[in-house]
Amino acid sequence: MIAVWLIALLFLGGIAAWASERVHPNSPRWVALAVLAAGLLLMLPLLGAAPENGWLAQTNRSWLPRFGISLHFAIDGLSLLLLLLTAFLGIIAVGSAWAEIRHRAGFFYFNLLWTLAGVVGIFTALDLFLFFFFWEVMLIPMYFIIAIWGHENKFYAAKKFFIFTQVSGLLMLVAIAALAWFHYLQLGFFSFDYLDLLNVRMNPGLEMWVMLGFFIGFATKLPSAPFHNWLPDAHSQAPSAGSIILAGVLLKTGAYGLVRFAVPLFPNASAEFAPIAMTLAAISILYCAKVAFAQADLKRLIAYTSVSHMGFVTLGVYAWNELALQGAVMTMLAHGLSSAALFMLAGGLQHRIHTRNMLEMGGFWGRVPRMAAVAMFFSIAALGMPGLGNFIGEFLALLGAFQANPLLTIVSAFGLIFASVYSLWVMQRVFQGKYSDGSFDGARLRDLDNRELAYYAAMMLGLVWMGVYPQSFLDLSAPALQALLDGQPVQALAGAGALPP
Amino acid sequence: MMDFTGYVVSAGDLIPLLPPIVLTVAAVWVMLAIGARRHYPFALASTLAGLLLAGLLAHHLMAGPDPSPIPLLTMDGFAQFFTVLICVLAIGVCLLAHNYWSEFDDQREEFYLLVLLATLGAVVLVGANHFASLLLGLETLSMALYGMLAYPVQSRRQATGRALEATVKYLILSAVSTAMILFGVALIYAETGSLLFAGLAELPAGQNTGFSIVALLLVAAGVAFKLSLFPFHIWTPDVYEGAPAPATAYLATIGKIAVAVVLLRLVVETRALGIVQVVIAFSLLALLSILAGNLLALQQDNLKRILAYSSIAHMGYLLIAVIGGFYAVGPVGVEAVTFYLVAYAIMTLGAFGVVSLLSCDREEFDGIAQYQGLFWRRPALAAAFTGMLLSLAGIPLTAGFIGKFYLILAGVESGLWPLLAALVIGSGIGLYYYLRIVYRMLLPVPDDAPELRRGRAGFGVVAALFALILLFGVYPAPLMKLIEAIAL
């Protein structure tokens, strides 16, 4: 029931935040903060829960009996880690919006909480129709966040984000419907339940097509080249809180979908497709790192690095062994924190000096030393310095991928070098060199205040924890990943046999 | 084939026909009442009462066993279901019209009389199983619609000045489409000697050539005119734009639904889709309507024109389920058509309802620019409008999403992959212009924003439709169960 409570809490909390604007213009942010903190508290008991049939919590209610669609939610270690990340980054996002969003704040926090409600639904739904429902539900509030509180080119960016995700999502819906239909043909009744659909057998050609429907849906969200085109626009135009949620949480839904659905549902097609997916991953890693280096817009740069880092996740998922999957999960968590922090920094800078153009910046270390130090930390984290979470994730992913495909792994490893280049380039460009405030009002360039510092400190702590003692995370995800690798317990096939045409 | 020669209608046969009978009586009653003494509230109340009674009767009859077939009309559960829907929609249109005509400088009562007549035609259409009743229903509906579209023609301050142009366009093209249907019917009669839909299905296999293929294509073309499927769609945007908003709303909802239902029954009973040429023709109609409707909507700045083009695309989506229904195992195709029609009716009436609510006979509030900042001026109305648009785009939490899901399922079951690809591409393009409207409403309010009209009855209709969109989007199980029970 806990997943249902969480989703209901976020949905209702969103409405409450909007309504509370009438009481006081500042109350929505307090309501949002309280709701997210309550959500985090709700999740904590699961950390010590004993798994039952492999799930830490599960609930199943009939929803649309005509097609065997149910409200089936379940949480395992993998979901729980991502849920914790979601709630944590939700709080960070509220923090970054705290001073930045003054305009129609009630509606902003409403959208923020509804996006997060959709994300929680994605990480917990085990019915594919339900999963798709949440997959699309989170788009609308995110669209509003970009379109209302975004920057100069916000409509273009919001529209592009929405259309890319929606079209690829519809392909996935067609694939889901096809899968359910094959289930009907083979077993005689409609079901959209993940655990039922794992039983479906398809002939190889068909399996590949249906799998591609899922892959395109997830690869667009992840994003992986060549479906990444929407992301730099969406990120650069969104307000910082929007970028934090996009980079930290929304991208992870694509990765989660690959791990939970795309590979386990279509094991044969995925095995056959793995070299192509890993090639796409390598292209994402190298090409987007290269493109990142060519950006003058700070947020666009970070956006491209996100695509590059998510390439390691794809690489790890399609290597499909325990090491690689652990690496993918750790990369998801660590990148969630580091990219959120970098976007928050970029957003903070833009809020102060109203530009994201790095060519106009320089020598900020002397003016804002705290900010510079924080930026240094997260840049180093992003480039994969040992001792921080990102290193563990990418290292494990590469280690696992090497067993599956040495050549592509070697090529991808060059991404780590490129990451150092662009990360340090940003530091030099923005924080070192000669200070000049010719193109902006230098008086507005204030250093981080204590409240902001507290948020960054929390994220630093998380990254150090992941880097120094990753076992605490690995232990949580290991049983879930092992279950995925072994194949979930499937029910006995009754009268199966006939392959669909 | 059923033979009705010498059939004597018994009193029991008339019970399922009560809804159209009530509508007929109501129309005559309102006409006489207006003739005796003009009294606006009385005419409106009588119309609403007639529609309500017909709807309630149909609702009551829907649950009962299917009546024994009689010639001309089968008022089975399926027909009664759509009778309920049509009556509810007509009540909505009347309430919207009440706001729209509130400052009209001419007689208002006859508009409701025309609504009753058109509704009668629509109800006859959804029960038609015979080409004679098809034509009767179609003409009753169309004749009344001409009057509704041209209603403000005598007024000296009409909003668009193009109501007459719109009506004449619709009149001429309607006549052409009726002529095509008639010719097709004549050919079918020559071939089978029967005007029953089912007559065609009884032809021995192999004889479905020549005459019957041409005949079916002619009938399909005539129906495609009414559904404004590409390439028979050219009248749609002009008529939608030129007509007064409530009449457009009626044409776009009931006018489409009744024809779609009769098309579905025609296809099911004649088994026309067993003929490969007909399948190709239908698939092309669907494919081209989806692409053309969505692409042409991109460049429009007038809300009624956008909705006109989007309705072309939506009828194309619907055809996927009509075709799929024939090949799919089980009744999922018919259920898909039914659910989609319900969703389409609600969201289209809702969208036109918003336009209608803000318009009056002097000024149509249909330029996209006029909606700038609506979110901050009238949040509830803008939220409802956004809901309708997102539902048209097929986004979850709305009935439009469940409808699209049904279509995809029907398409998948019958393996219509090219049409599904068109659906996906079309939906992507469609999002662009729906979002454009939403974004306009989110922009800051302009300084010279005009005063917005208010209307309690019309707002009630829009709010109720919004609630239905959400209800059928989040908990559609009861509706799905009902549709499963009444499906053909």
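Computed from a predicted structure; not experimentally measured. Just so it is clear: chains get the letters A, B, ... in the order the sequence lines come, proteins before strands, and each one is counted from 1.
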Which bit of B:A421 comes within less than 4.5 Å of chain A, counting heavy atoms only: side chain, backbone, both or neither?
-> neither
Starting at CD1 of B:I429, measure out to CD1 of A:I163 and round the result to the nearest 0.5 Å.
-> 9.0 Å
Are B:F405 and A:F132 an aromatic pair by the rule of ring centers under 6.0 Å?
-> no
So which heavy atom on B:G428 is nearest to which on A:V167, and how close?
-> CA-CG2, 3.4 Å
If one checks every heavy atom of A:I176 against chain B at 4.5 Å, the contacting part turns out to be neither
pair B:L443-A:F155: side-chain heavy atoms closer than 4.5 Å = no
Ring pair (Phe, Tyr, Trp, His ring centres under 6.0 Å) filter on A:F214, not counting sequence neighbours, yields A:F266
Do you know which of B:I408, B:V412, B:L435 has the most heavy-atom pairs with chain A at a distance under 4.5 angstrom?
-> B:L435
Portion of A:I140 that has a non-hydrogen atom of chain B nearer than 4.5 angstrom = side chain
Rounded to the nearest 0.5 Å, what's the gap from CZ on A:F162 to CG on B:L390? Could you check?
-> 6.0 Å
Give me a line-by-line list of donor-acceptor atom pairs from chain B to chain A that are under 3.5 Å apart, or tell me none exist.
{"residue": "B:E335", "atom": "OE1", "partner": "A:R66", "partner atom": "NE", "Å": "2.8"}
{"residue": "B:E335", "atom": "OE1", "partner": "A:R66", "partner atom": "NH2", "Å": "3.4"}
{"residue": "B:E335", "atom": "OE2", "partner": "A:R66", "partner atom": "NE", "Å": "3.4"}
{"residue": "B:E335", "atom": "OE2", "partner": "A:R66", "partner atom": "NH2", "Å": "2.8"}
{"residue": "B:L435", "atom": "O", "partner": "A:Y143", "partner atom": "OH", "Å": "3.4"}
{"residue": "B:V474", "atom": "O", "partner": "A:W63", "partner atom": "NE1", "Å": "2.8"}

Side chain, backbone, both or neither: which part of A:F134 has a non-hydrogen atom closer than 4.5 Å to chain B?
-> neither
Tell me, side chain or backbone of A:F129 under 4.5 Å from chain B's heavy atoms, or both, or neither?
-> side chain
Provide the closest heavy-atom pair for B:A477 versus A:L64 in the form atom of the first, atom of the second, distance.
-> N-CD2, 3.7 Å
Could you walk me through whether B:L397 and A:V137 pass side-chain contact (heavy atoms from CB on, under 4.5 Å), step by step?
-> CA-CA 7 Å; B:L397 287 178; A:V137 157; 3.8 Å; yes
